[in-house]
Amino acid sequence: MALAPGSDGLLFLPFLQGQITPKANSDARGVFSGLRMNHGVAHMTHAVYEANVFTIRDCIEVINRTVGRPESIIATGGGTRSVLCNQMKADCLDIPLQMMASENATGFGAAMIAGAAEGLFKTPEDAIDRYVERGKKYMPNPRNKQTYDEAYKVYLNCQVVCQDLFKKYHS
């Protein structure tokens with residue numbers, strides 16, 4: 001079942017272990033909001049994916065305010081295996097998302113930096129140019145941007161509204 005951005009009005013706050021962005025709160029908990037009879041497992045899964053993207057957007061909003069808007073985002077690791085989630089990220093953030101061919105960026109990056117430090121490469125950038133292979137690039141779909149902007153505003157508002165409940169029902 002293909003769902004449109006916004007999960008048909010279903011929203012998820014992904015704070016299963018507390019909240020970090022946009023404001024740290026160890027009392028925060030996961031919440032589904034807007035759940036109706038017509039929502040099924042696919043809607044809930046989609047809303048969870050969107051919540052993941054919204055937490056990334058929280059971070060990107062800080063980057064936008066402090067150093068400017070990124071031209072693109074380079075992504076790697078297990079979280080990049082979902083084509084759906086990758087496209088959601090590009091659409092919601094309105095920034096191209098460049099996949100790396102290898103999921104093992106941490107070890108690979110450390111090896112390249114060590115190689116540069118030992119003089120095997122002039123700079124880490126030289127190692128990147130020589131060894132890093134890019135994978136698929138996800139371009140933002142402008143038709144989805146407004147829907148994600150509206151859903152993100154609801155997401156932020158739901159966080160604010162739930163803060164007193166988090167504090168009251170913290171266990």
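All of these numbers come straight from a predicted model, not from anything done at the bench. Count residues from 1 along the sequence.
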Determine whether the side chains of Gln159 and Gln163 contain a donor N or O and an acceptor N or O closer than 3.5 Å.
->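 No, no side-chain donor-acceptor pair sits under 3.5 Å.
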Indicate whether any N or O donor in one side chain lies under 3.5 Å from an N or O acceptor in the other, for Glu50 and Ser7.
->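 Indeed, the side chains of Glu50 and Ser7 share at least one donor-acceptor pair under 3.5 Å.
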Do you know the tightest heavy-atom contact between [X] and [Y]?
{"X": "Ser33", "Y": "Cys158", "answer": "CB-SG, 4.0 Å"}
{"X": "Ser72", "Y": "Ile95", "answer": "CA-CG2, 3.5 Å"}
{"X": "Leu16", "Y": "Gly30", "answer": "CD2-CA, 3.9 Å"}
{"X": "Ala42", "Y": "Leu3", "answer": "O-CD1, 3.4 Å"}
{"X": "Lys167", "Y": "Asp27", "answer": "CA-OD2, 4.1 Å"}
{"X": "Pro96", "Y": "Glu71", "answer": "CD-O, 3.3 Å"}

If we ignore hydrogens and angles and just use 3.5 Å, is the side chain of [X] paired with the main-chain N or O of [Y] as donor and acceptor?
{"X": "Gln98", "Y": "Ala75", "result": "no"}
{"X": "Asn86", "Y": "Ser82", "result": "yes"}
{"X": "Thr76", "Y": "Ser102", "result": "yes"}

Take a 6.0 Å sphere around [atom1] of [X] and say whether it holds more than 12 heavy atoms from other residues, nucleotides or ligands.
{"X": "Arg36", "atom1": "CZ", "value": "yes"}
{"X": "Asp129", "atom1": "CG", "value": "yes"}
{"X": "Ile20", "atom1": "CD1", "value": "no"}

For Leu84 and His46, what are the C-alpha separation, side-chain angles and deciding distance, and is it a side-chain contact (heavy atoms from CB on, under 4.5 Å)?
-> CA-CA 9 Å; Leu84 172 64; His46 201 263; 4.1 Å; yes
Parallel, tilted or perpendicular, as decided by the 30° and 60° cut-offs, for the rings of Phe54 and Tyr148 |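 Perpendicular.
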Parallel, tilted or perpendicular, as decided by the 30° and 60° cut-offs, for the rings of Phe12 and Phe32 |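 Rings of Phe32 and Phe12: tilted, 30 to 60°.
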Starting from [Y], can I reach [X] by hopping between I/L/V/M/F/W/Y residues whose side chains sit under 4.5 Å apart?
{"X": "Val48", "Y": "Met88", "value": "no"}
{"X": "Ile56", "Y": "Val62", "value": "no"}
{"X": "Tyr152", "Y": "Val154", "value": "yes"}
{"X": "Tyr49", "Y": "Leu156", "value": "yes"}
{"X": "Met99", "Y": "Ile60", "value": "yes"}

I want to check something: taking the side chain as every heavy atom from C-beta on, are [X] and [Y] in contact at a cut-off of under 4.5 Å?
{"X": "Asp91", "Y": "Gln87", "answer": "yes"}
{"X": "Tyr138", "Y": "Val83", "answer": "yes"}
{"X": "Tyr155", "Y": "Asp58", "answer": "yes"}
{"X": "Lys89", "Y": "Ile73", "answer": "no"}

Spacing of [X] atom [atom1] and [Y] atom [atom2] [to the nearest 0.5 Å]:
{"X": "Gln17", "Y": "Ser26", "atom1": "CD", "atom2": "OG", "result": "12.0 Å"}
{"X": "Cys85", "Y": "Leu97", "atom1": "SG", "atom2": "CG", "result": "9.0 Å"}
{"X": "Thr80", "Y": "Ile74", "atom1": "OG1", "atom2": "CD1", "result": "12.5 Å"}

Assess whether side-chain contact (heavy atoms from CB on, under 4.5 Å) is satisfied between Arg134 and Met100, documenting all intermediate values.
-> CA-CA 4 Å; Arg134 296 188 187 325; Met100 294 290 97; 3.5 Å; yes
Option from Asn141, Thr147, Asp149 for which side chain to side chain donor-acceptor pair (under 3.5 Å) with Lys145 holds =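 Of Asn141, Thr147, Asp149, side chain to side chain donor-acceptor pair (under 3.5 Å) with Lys145 is met by Asp149 alone.
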Knowing that exactly one of Asn64, Asn52, Leu93 qualifies, which makes a side-chain contact (heavy atoms from CB on, under 4.5 Å) with Arg57?
->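 Option passing the side-chain contact (heavy atoms from CB on, under 4.5 Å) with Arg57: Leu93.
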